Amino acid sequence: METHPDIVDMRMRHEVAERATSTPQGQATGMLAFLTGIYLAASPWITGFNGLSTLAVTNLLVGLAYALLMSGGFGRAYERTHSMAWGACVLGAWTIIAPWVVAGDVSTTKTIVNNVITGAVALILALSASAAARAAESRKSRGMASSYSSGR
């Protein structure tokens with residue numbers, strides 16, 4: 001049972017995920033993304049636009065969702081991390097356009113500057129995580145190709 005191809009493949013995927021998440025770049029991206037999500041969730045109260053309730057609630061929910069997605073709250077398999085990073089990209093883009101889209105007149109200077117900068121940082125971090133996941137996946141496939149060609 002230990003040499004079954006599915007079990008061997010599962011172990012190899014787990015090892016790739018462990019190596020990718022234990023790199024300094026992976027840890028820094030995850031931590032910065034988590035802090036960005038927490039800031040986004042708290043930003044209405046930090047920057048003082050909590051009276052604009054529709055945008056405050058939007059930032060709270062999107063910030064918490066972003067922090068959960070990017071901190072690996074739903075698992076550490078890198079195939080899923082790649083998909084979660086693209087979901088986080090959508091959340092970052094939504095953060096940028098939210099002051100103009102949510103109900104009510106909430107597009108003040110404070111809200112626009114806060115959401116555009118925070119959304120851009122969130123988008124860049126999510127793209128970085130997606131690129132890291134893709135790089136780990138390509139390293140894994142190159143490693144598998146070399147192990148198959150060596151007579152495995």
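Just so it is clear, the model here is predicted, and its values are computed rather than measured.
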Connected to I124, directly or through other members, by ILVMFWY side-chain contacts below 4.5 Å are none
Taking only residues two or more places apart in sequence or in another chain, which ones pass side-chain contact (heavy atoms from CB on, under 4.5 Å) with L35? M31
Can you tell me how far the CG atom of N114 sits from the OG1 atom of T47, to the nearest 0.5 Å? 4.5 Å
Residue set satisfying side-chain contact (heavy atoms from CB on, under 4.5 Å) with I46, at least two apart, ordered chain then number -> Y39, A42
Which of these passes side chain to side chain contact (heavy atoms under 4.5 Å, CB included) with L40: L60, L64, N59, V121? N59
So, taking the atom named CG in N50 and the one named CG in L55, what distance separates them when rounded to the nearest 0.5 Å? 11.0 Å
Decide whether L125 and I38 are clustered together by the hydrophobic rule: side chain heavy atoms of Ile, Leu, Val, Met, Phe, Trp, Tyr closer than 4.5 Å, transitively. no
Could you pull out all residues at least two apart from T108 that satisfy side chain to side chain donor-acceptor pair (under 3.5 Å)? T111
Chi angles and distances behind the side-chain contact (heavy atoms from CB on, under 4.5 Å) call for N115, F49: CA-CA 11 Å; N115 276 38; F49 62 87; 4.1 Å; yes
Applying side-chain contact (heavy atoms from CB on, under 4.5 Å) to A126 and not counting sequence neighbours gives Y66, M70, A88, C89
For residues 91-102, please give each side-chain donor-acceptor pair under 3.5 Å, one per line with the distance, not counting sequence neighbours.
from	atom 1	to	atom 2	distance (Å)
T95	OG1	L91	O	2.8

